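So the structure is just underneath, and the comments pick up after that.
In this text the structure is predicted, and so the values were computed from the model without any measurement. Numbered from 1 within each chain, the chains take letters A, B, ... in sequence-line order.
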Number of protein chains: 2
Amino acid sequence: MSASIKDVAREAGVSVATVSRVLGNGPVSDALRLRVNKAIEVTGYRPNLSARRLRSQHSQTIGLIVSDIRNTFFTSVSRAVEDAAYQAGLRVILCNTDENPDREAMYLRLMQEERVTGVIFAPTRETALRRDLDTLGFPVVLIDRAGPQSTVDAVVLDNAEAAAQLVDHLVQQGYRRIGGLFGNTSTTGRERHEGFVAAMQRHGLKGEARFIAPTAQAATEATEAWLADPDKPDALVASNGQLLLGALRAVRESGLALPDDLALCGFDNESWTEVAFPALTVIEQPVLEIGRSAMALLMDRLADASRTPRKVVYPGLLRERGSTAKK
Amino acid sequence: MSASIKDVAREAGVSVATVSRVLGNGPVSDALRLRVNKAIEVTGYRPNLSARRLRSQHSQTIGLIVSDIRNTFFTSVSRAVEDAAYQAGLRVILCNTDENPDREAMYLRLMQEERVTGVIFAPTRETALRRDLDTLGFPVVLIDRAGPQSTVDAVVLDNAEAAAQLVDHLVQQGYRRIGGLFGNTSTTGRERHEGFVAAMQRHGLKGEARFIAPTAQAATEATEAWLADPDKPDALVASNGQLLLGALRAVRESGLALPDDLALCGFDNESWTEVAFPALTVIEQPVLEIGRSAMALLMDRLADASRTPRKVVYPGLLRERGSTAKK
DNA sequence: GTTTGGATTGAAAACGATTACATTGGCTAT
DNA sequence: ATAGCCAATGTAATCGTTTTCAATCCAAAC
């Protein structure tokens with residue numbers, strides 16, 4: 001059993017209150033402070049965070065709930081969040097839901113039981129549309145995905161506009177029969193789809209869109225099927241990094257050449273998209289900004305709980321590369 | 001302030017002990033159980049985990065400390081660990097050290113303060129060589145990296161053998177001037193280097209090895225410099241996914257062709273290595289096995305603290321692809 | 001010399017749960 | 001009818017902290 005504050009107090013010959021004050025920078029004479037610190041050393045004392053949190057009634061912890069830990073978008077965001085949280089003296093609990101609403105509910109419950117200070121959350125569509133995210137007992141900041149009229153703060157990409165950028169670019173490069181692959185679990189997929197459709201209409205084109213599970217495997221299968229189609233598209237848009245990867249795999253397996261047989265582009269500037277051959281045209285998201293911004297929104301909300309919810313929207317940045325070269 | 005067990009007890013007209021028993025499946029009559037559950041519903045009660053952990057003296061939590069959350073090796077392992085932990089009723093705290101020994105020390109201290117049940121840990125070389133990992137107050141299982149005579153359980157790849165597989169393969173394909181890029185912060189980098197050197201000697205060749213920071217950026221710079229060398233290698237081995245990515249970027253930028261100008265291979269079967277063109281030859285690690293195995297070692301250790309430390313060693317699997325085609 | 005007051009220190013009450021122990025009531029065996 | 005026992009329930013101690021409040025000390029002010 002590890003040493004408690006009592007053991008330290010006994011060792012130093014002082015009261016537990018004094019030890020606690022030494023730990024928390026309370027008023028203690030230099031002489032006692034010295035004795036207590038020595039006693040801490042001798043006993044190998046480590047504060048018990050459970051006890052501390054119970055008594056002090058704040059956990060100094062925030063939750064970060066993401067939908068796919070293997071997606072570099074989320075690992076990058078989490079890096080930024082963690083750094084910012086650390087600066088503010090907060091610890092981060094990182095949770096991965098695998099796009100599963102049940103797991104989301106479980107983790108939200110866990111956050112309540114941990115009495116977290118706040119949560120940054122990338123929900124599935126199903127959960128993003130819940131209107132009760134402001135009644136969980138802690139503030140929530142949504143990232144990447146948010147309903148149209150969210151009751152909580154959010155930081156997202158301008159998805160429709162970014163999708164339109166891709167379409168405009170493809171059209172400008174001479175492509176006309178453009179298809180889109182969109183994830184079916186997120187608001188993000190929906191919004192990118194809307195931007196896709198709107199942009200196509202603007203150009204007087206009608207493109208086909210397919211909604212699939214947001215995994216590379218699903219994208220590979222969908223793309224394979226699509227490419228077998230007699231009037232297959234001459235360009236494809238994938239609505240996130242995993243789908244882009246899956247689509248590329250299908251293209252490779254089918255033996256088609258990029259971009260001559262098919263142009264390919266999508267979302268998320270993952271580092272491999274740059275070394276693929278040809279390199280892939282993508283929309284880059286300001287991942288670090290998004291993480292920092294989410295943390296800032298959370299801190300603001302903690303300072304003023306009644307503020308009306310804000311939504312921070314970032315533009316996507318088009319990275320033109322070889323996979324969408326002129327036709 | 002959220003409801004406590006007292007509020008529930010009052011609402012249900014029973015003692016707190018009864019409520020606690022309902023929560024913990026103690027012996028309670030059906031009538032009371034019903035009333036208590038209704039009271040829980042009414043009050044919106046959520047157990048306070050800090051209080052529970054403090055009183056019950058076990059955290060039901062394990063720590064998972066990895067060196068780079070953006071590395072898919074670790075995200076995959078963490079997936080396996082989390083699943084296994086969840087099965088065992090344990091929660092996982094995921095921590096990212098960025099290969100920084102200070103952050104490692106900080107997180108180990110945090111684990112002590114959280115009174116975790118155990119820790120699964122991918123340490124830097126500096127920390128892996130510490131002989132006191134068995135005195136932290138909780139069992140530690142090392143993954144991916146371990147000192148030669150670790151005092152704690154570990155599960156690792158047979159790094160030397162795997163590196164030798166790559167060398168043998170390259171030699172068999174006709175390459176002779178083989179260079180190696182190795183991470184300088186991990187025991188893994190060292191061991192792979194040893195296997196590399198031994199295999200080269202076995203073939204009567206002497207290859208040059210360079211130790212660098214384990215980031216794609218460092219690999220890009222090192223490779224660029226190396227390729228500018230008059231007697232540059234005709235094949236390169238990269239000791240992990242990040243280095244492989246960085247090396248590939250340098251090759252792309254220099255305009256050289258794979259594998260004619262340079263063969264390239266390395267560790268970690270990340271999904272993009274398969275869609276690169278040409279696809280990259282890699283050593284695949286059994287990531288899920290490694291995670292599961294680490295969890296199993298931890299459970300065994302918890303059951304019997306005095307067991308002598310075990311080291312589980314997995315073989316790497318060579319995936320031959322186009323980037324090392326016959327010369 | 002007494003009072004005032006500020007600075008340290010200690011004693012004890014929380015925080016919200018679990019759990020050892022005591023109590024109660026109903027049943028069976030004698 | 002009484003003892004004995006088991007199951008269900010309640011009372012109160014406890015986990016390791018922080019924090020309130022009271023006590024103590026010593027110097028300065030009167």
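Picking from C:dA17, C:dC15, D:dT11 the nucleotide with the shortest atom distance to the side chain of B:Ala17 gives D:dT11. The side chain of A:Val14 has C:dG10 as its nearest neighbour among D:dT18, D:dG10, C:dG10. Taking every side-chain heavy atom of B:Ser4 into account, C:dA17 is the closest of D:dT9, C:dA17, D:dT17. Side chain of A:Ser56, nearest nucleotide from D:dT18, D:dT9, C:dA17: D:dT18. Here D:dT9 is the nucleotide among C:dA12, C:dT18, D:dT9 with the atom lying nearest to any side-chain atom of B:Pro27. Out of D:dT17, C:dG16, D:dA8, the shortest distance to the side chain of B:Arg55 is found at C:dG16. Listed nucleotides C:dT18, C:dA17, D:dG16 differ in distance to B:Pro47; the shortest reach to its side chain belongs to C:dA17.
Residue contacts for B:Leu49: at a heavy-atom cut-off of 4.0 Å it reaches no nucleic acid atom on any strand shown. Backbone-only contact: B:Val28 has heavy atoms under 4.0 Å from sugar-phosphate atoms and none from a base. Looking at heavy-atom distances under 4.0 Å, B:Arg33 makes no contact with the nucleic acid at all.
Positionally, the nearest nucleotide of DNA chain D for B:Ser15 lies more toward the 5' end than for the other of B:Arg115 and B:Ser15. Summary of the strand contacts: B:Arg21 and B:Ala51 both lie near DNA chain C, and taking for each the nucleotide with the nearest heavy atom, the more 5' one is attributed to B:Ala51.
Between C:dA17 and B:Tyr45, a contact under 4.0 Å exists linking OP1 or OP2 to a side-chain N or O. Taking side-chain N and O atoms only, B:Gln57 has a distance below 4.0 Å to OP1 or OP2 of D:dG16. An OP1 or OP2 oxygen of C:dA17 is reached within less than 4.0 angstrom by no side-chain nitrogen or oxygen of B:Ser20. For C:dT9, one of the phosphate oxygens OP1 or OP2 lies less than 4.0 angstrom from a side-chain nitrogen or oxygen of A:Ser29.
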- Query: Are A:Arg130 and A:Leu108 close enough, and set up right, to give a side-chain contact (heavy atoms from CB on, under 4.5 Å), and what steps lead you there?
  - Reply: CA-CA 13 Å; A:Arg130 273 174 61 173; A:Leu108 288 177; 4.1 Å; yes

- Task: Step by step, work out the side-chain contact (heavy atoms from CB on, under 4.5 Å) result for A:Asn240 and A:Thr188.
- Result: CA-CA 9 Å; A:Asn240 73 40; A:Thr188 303; over 6 Å; no

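Between the A:Asn100 side chain and the A:Thr97 main chain, no donor and acceptor come within less than 3.5 Å of each other. Although no hydrogens or angles enter the test, the distance criterion places no donor-acceptor pair under 3.5 Å between the side chain of A:Asp144 and the main chain of A:Ala122.
Rounded to whole angstrom, the span from the CD atom of A:Gln60 across to the P atom of D:dT17 amounts to 16 Å. In this structure, the CZ atom of B:Arg53 is 18 Å from the C1' atom of D:dT14, given to the nearest Å. Atom pair B:Asn25:CG and D:dA8:P shows a separation of 14 Å (rounding to whole Å applied). The nearest whole Å value for the distance from the CG atom in A:Asn48 to the P atom in C:dC15 is 18 Å. Atom P of nucleotide C:dA17 and atom CZ of B:Arg46 are separated by 12 Å, given to the nearest angstrom. Residue B:Leu34 contributes atom CG, which lies 12 Å from atom P of D:dT9 at whole-angstrom precision. Atom CZ in A:Arg52 sits about 19 Å away from atom P in D:dC15, given to the nearest Å. We find that NZ of B:Lys6 is positioned 14 Å from P of C:dT18, with the value rounded to whole Å.
Using a 3.5 Å distance cut-off with no hydrogens or angles, the side chains of A:Glu99 and A:Thr185 do pair a donor with an acceptor.
Applying salt bridge (Lys or Arg N to Asp or Glu O under 4.0 Å) to A:Arg310 and the options A:Asp300, A:Asp153, A:Asp304 leaves one that passes, A:Asp300.
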